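To keep things clear, I will list the structure first and then write my remarks on it.
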Amino acid sequence: MKHSPVIHSTFVLERSYPAPPERVFAAFADPAFKRRWFAEGLNHTVEEFSTDLRPGGAERVAYRFREGTMLAGKLMIADGRFLDVIPNLRIVTASTMAFGERPFSASLVTIELLASDQGTDLICTYQGAFFEGADGPQMREAGWRKLLEQLAREFTNQ
């Protein structure tokens, strides 16, 4: 297999939520809450989801793409480790994504929660390395934008 150069990318996304930092943090800390906005999707079936939001804690998401999608039948696995957690303020995680056993990216994601007059301002800083077969920086940024939008719906639907 020919190896191409690793593609590096960094992006920062900012989003405001009409909820206090404690509720936004809970959306990351509560496994059922996080699974709903972070793991579930129309194009795949979740086969495994676990999260343990504490320094050194692990997170794993495994899902299989549904028939009719471009990646039908493929198993995607994201394994992460929480490096730094300050409740209601900051979450730092390092993770890899793979199709089966073949990794295609590694990332460092920092989530910062800042109290505001309207609730919480969230700053997501993503730093990634993309290998052969990766979705690439533009698609990953679009994916994170979609995740943060799904999280926003959690607060507007309650």
Side-chain angles (χ1 to χ4, degrees), residues 1-19 23-54 56-83 85 91-111 113 120 122-158:
M1 172 188 219
K2 184 180 181 209
H3 295 280
S4 56
V6 174
I7 298 170
H8 295 272
S9 177
T10 298
F11 57 83
V12 177
L13 302 174
E14 296 184 22
R15 183 73 200 231
S16 295
Y17 297 101
R23 283 194 57 219
V24 178
F25 184 81
F28 287 86
D30 179 288
F33 195 168
K34 187 168 185 183
R35 178 181 172 133
R36 198 168 51 235
W37 69 267
F38 187 80
E40 299 291 338
L42 296 175
N43 295 324
H44 60 266
T45 301
V46 176
E47 294 191 358
E48 182 180 351
F49 178 81
S50 62
T51 187
D52 180 12
L53 185 60
R54 63 180 174 81
E59 181 165 81
R60 182 174 177 91
V61 181
Y63 57 81
R64 192 166 305 278
F65 288 92
R66 293 189 173 139
E67 292 302 317
T69 66
M70 191 170 79
L71 299 170
K74 280 196 150 191
L75 179 66
M76 200 285 304
I77 301 169
D79 280 311
R81 180 85 41 205
F82 295 105
L83 305 178
V85 178
I91 302 166
V92 180
T93 195
S95 63
T96 59
M97 293 181 80
F99 284 125
E101 297 298 317
R102 191 176 67 73
F104 61 86
S105 69
S107 63
L108 179 71
V109 178
T110 303
I111 301 292
L113 305 175
T120 302
L122 181 148
I123 302 169
C124 172
T125 303
Y126 177 94
Q127 298 166 281
F130 297 87
F131 319 133
E132 291 83 7
D135 51 350
Q138 295 81 12
M139 287 184 68
R140 191 65 57 89
E141 182 173 344
W144 270 98
R145 286 183 188 281
K146 181 179 177 184
L147 287 172
L148 296 178
E149 178 61 30
Q150 288 172 188
L151 178 56
R153 282 195 291 277
E154 290 287 336
F155 295 119
T156 57
N157 292 337
Q158 292 182 0

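Everything numeric here is computed off the predicted structure, so don't read it as measured data. Every heavy atom of this structure was used, including side-chain atoms; hydrogens, water molecules and symmetry mates were not.
Every ring pair (Phe, Tyr, Trp, His ring centres under 6.0 Å) that Tyr17 has, sequence neighbours left out, goes to Phe155. The side chain to side chain donor-acceptor pair (under 3.5 Å) check on Asp135 picks up Arg140, with sequence neighbours excluded. Not counting sequence neighbours, the partners of Ala94 by the side chain to side chain contact (heavy atoms under 4.5 Å, CB included) test are Leu83, Leu108. Phe25 pairs by the ring pair (Phe, Tyr, Trp, His ring centres under 6.0 Å) definition with nothing, not counting sequence neighbours. Residues satisfying the ring pair (Phe, Tyr, Trp, His ring centres under 6.0 Å) test with Phe130, not counting sequence neighbours, are none. Judged as a side chain to side chain donor-acceptor pair (under 3.5 Å), and not counting sequence neighbours, the contacts of Glu141 are Arg145. Legend: residues meeting side chain to side chain donor-acceptor pair (under 3.5 Å) with Thr120, ordered by chain and number and at least two apart, are absent. Here Glu47 pairs with Arg64, Leu75 under the side chain to side chain contact (heavy atoms under 4.5 Å, CB included) rule; sequence neighbours left out. Considering only residues two or more places apart in sequence or on other chains, Ser16 meets the side chain to side chain donor-acceptor pair (under 3.5 Å) condition with Asp121. In this view, Phe49 satisfies the ring pair (Phe, Tyr, Trp, His ring centres under 6.0 Å) rule with no residue, not counting sequence neighbours.
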Tabulate below the donor-acceptor pairs under 3.5 Å that side-chain atoms of residues 5-15 make, not counting sequence neighbours, or state none.
unit_1: Arg15; atom_1: NH1; unit_2: Glu149; atom_2: OE1; d: 2.6
unit_1: Arg15; atom_1: NH2; unit_2: Glu149; atom_2: OE1; d: 3.2

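Residue pairs meeting the salt bridge (Lys or Arg N to Asp or Glu O under 4.0 Å) criterion with at least one member in residues 65-80, sequence neighbours excluded, are Arg60-Asp79.
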